[in-house]
Amino acid sequence: MLPSSDTKPVPTLYEWAGGMPAFENLTAAFYQKVFQDELLEPIFRHMAPNHSMHVAHFLAEVFGGPAQYSATEGSHFQMIQKHFSRHLTEQHRRRWVHLLLETADELALPDDPEFRSAFVAYLEWGTRIAVINSNTTGEVGVATDAPMPRWGWGEPGGPYQG
């Protein structure tokens, strides 16, 4: 049931998830799993120690949080560039999504259908673009000044409030 006009404003996905601590905890726990995973570990073994924090800030911004990533850590295009020539496969993508969703469940991120629908939709969209960009050397259809993606609730329009 969507909120009526006399109820509180619809929270962002970032707010509904629990704000920055939720995203920082999610990525920290997730990358611990990545380092244990035989398929993904070789890809991430040389990542910078603050990689999971950058991913947390990126995801937080995409889901409606503060512009911390784009203000201090890089642009959307710079993030895309980090995937160039990584040669990610569909198997890598699926495992990455699986482990992230498993971690979200373990950390009790909201599991209502509306939140998870929006969350999974972005992961599907973003990881498929990452695979495409990882198999290029730099010719992508994204302008160097492209804005950060901003992901919302989509069709449901907000959280279920029965």
Side-chain angles (χ1 to χ4, degrees), residues 12-112 115-152 154:
T12 64
L13 294 167
Y14 167 84
E15 292 164 335
W16 192 254
M20 193 63 77
F23 287 95
E24 290 175 351
N25 292 335
L26 175 67
T27 58
F30 165 70
Y31 279 104
Q32 290 303 311
K33 289 177 183 268
V34 166
F35 290 131
Q36 307 284 324
D37 187 86
E38 64 185 38
L39 181 63
L40 296 179
E41 187 275 336
I43 295 168
F44 291 96
R45 78 170 48 125
H46 300 296
M47 73 180 194
N50 57 357
H51 179 79
S52 72
M53 195 64 65
H54 289 305
V55 174
H57 298 162
F58 182 85
L59 290 173
E61 186 170 340
V62 165
F63 288 120
Q68 183 172 343
Y69 183 89
S70 60
T72 63
E73 299 171 56
S75 68
H76 182 232
F77 184 76
Q78 287 170 317
M79 185 278 303
I80 288 171
Q81 285 180 304
K82 294 179 189 314
H83 294 95
F84 290 170
S85 300
R86 298 276 183 197
H87 304 290
L88 301 175
T89 66
E90 177 61 14
Q91 291 75 25
H92 293 124
R93 187 196 74 75
R94 284 183 188 182
R95 182 74 55 86
W96 195 94
V97 170
H98 170 78
L99 289 178
L100 190 61
L101 292 175
E102 181 179 84
T103 307
D105 288 341
E106 291 168 3
L107 295 180
L109 254 63
D111 64 356
D112 57 278
F115 175 80
R116 285 302 175 104
S117 174
F119 188 65
V120 170
Y122 176 74
L123 296 180
E124 283 289 323
W125 180 81
T127 58
R128 289 174 188 279
I129 289 175
V131 169
I132 292 167
N133 291 332
S134 77
N135 289 293
T136 185
T137 56
E139 294 296 321
V140 296
V142 177
T144 58
D145 62 349
M148 287 289 282
R150 297 295 275 192
W151 214 258

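Separating the CZ atom in R93 from the CZ atom in R95 is a distance of 12.5 Å, to the nearest 0.5 Å. Annotation: the span from L59 atom CG to M20 atom CE amounts to 10.0 Å, rounded to 0.5 Å. Note that the NE2 atom of H46 and the NE2 atom of H51 stand 14.0 Å from one another [nearest 0.5 Å]. To the nearest 0.5 Å, the span separating CG on L123 from CZ on R128 amounts to 11.5 Å.
Closest heavy-atom contact between A118 and G152: CB-O, 3.5 Å. Closest heavy-atom contact between L107 and L26: CD1-CA, 3.5 Å. Nearest heavy atom pair, residue R116 against residue L109, reads NH2-O, 3.4 Å. Smallest separation of non-hydrogen atoms from W16 and P110: O-CG, 3.2 Å. A pairwise comparison of heavy atoms in F35 and E41 identifies O-CG, 3.4 Å as the closest pair.
Identified under the side chain to side chain donor-acceptor pair (under 3.5 Å) test for residues 17-30, with sequence neighbours left out: E24-H57.
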(Q) Under the criterion ring pair (Phe, Tyr, Trp, His ring centres under 6.0 Å), I'd like the reasoning laid out for F63 against F119: C-alpha separation, chi angles, the key distance, then a yes or no. (A) CA-CA 8 Å; F63 288 120; F119 188 65; 5.6 Å; yes
(Q) Working note: F44 + Y31, criterion ring pair (Phe, Tyr, Trp, His ring centres under 6.0 Å); need CA distance, chi angles, decisive distance, verdict. (A) CA-CA 9 Å; F44 291 96; Y31 279 104; 5.5 Å; yes
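Looking at E124 and R94, no side-chain N of the basic residue comes within less than 4.0 Å of a carboxylate O on the acidic one, giving no salt bridge.
Here the side chains of V131 and H92 are not in contact, with every heavy-atom distance at 4.5 Å or above.
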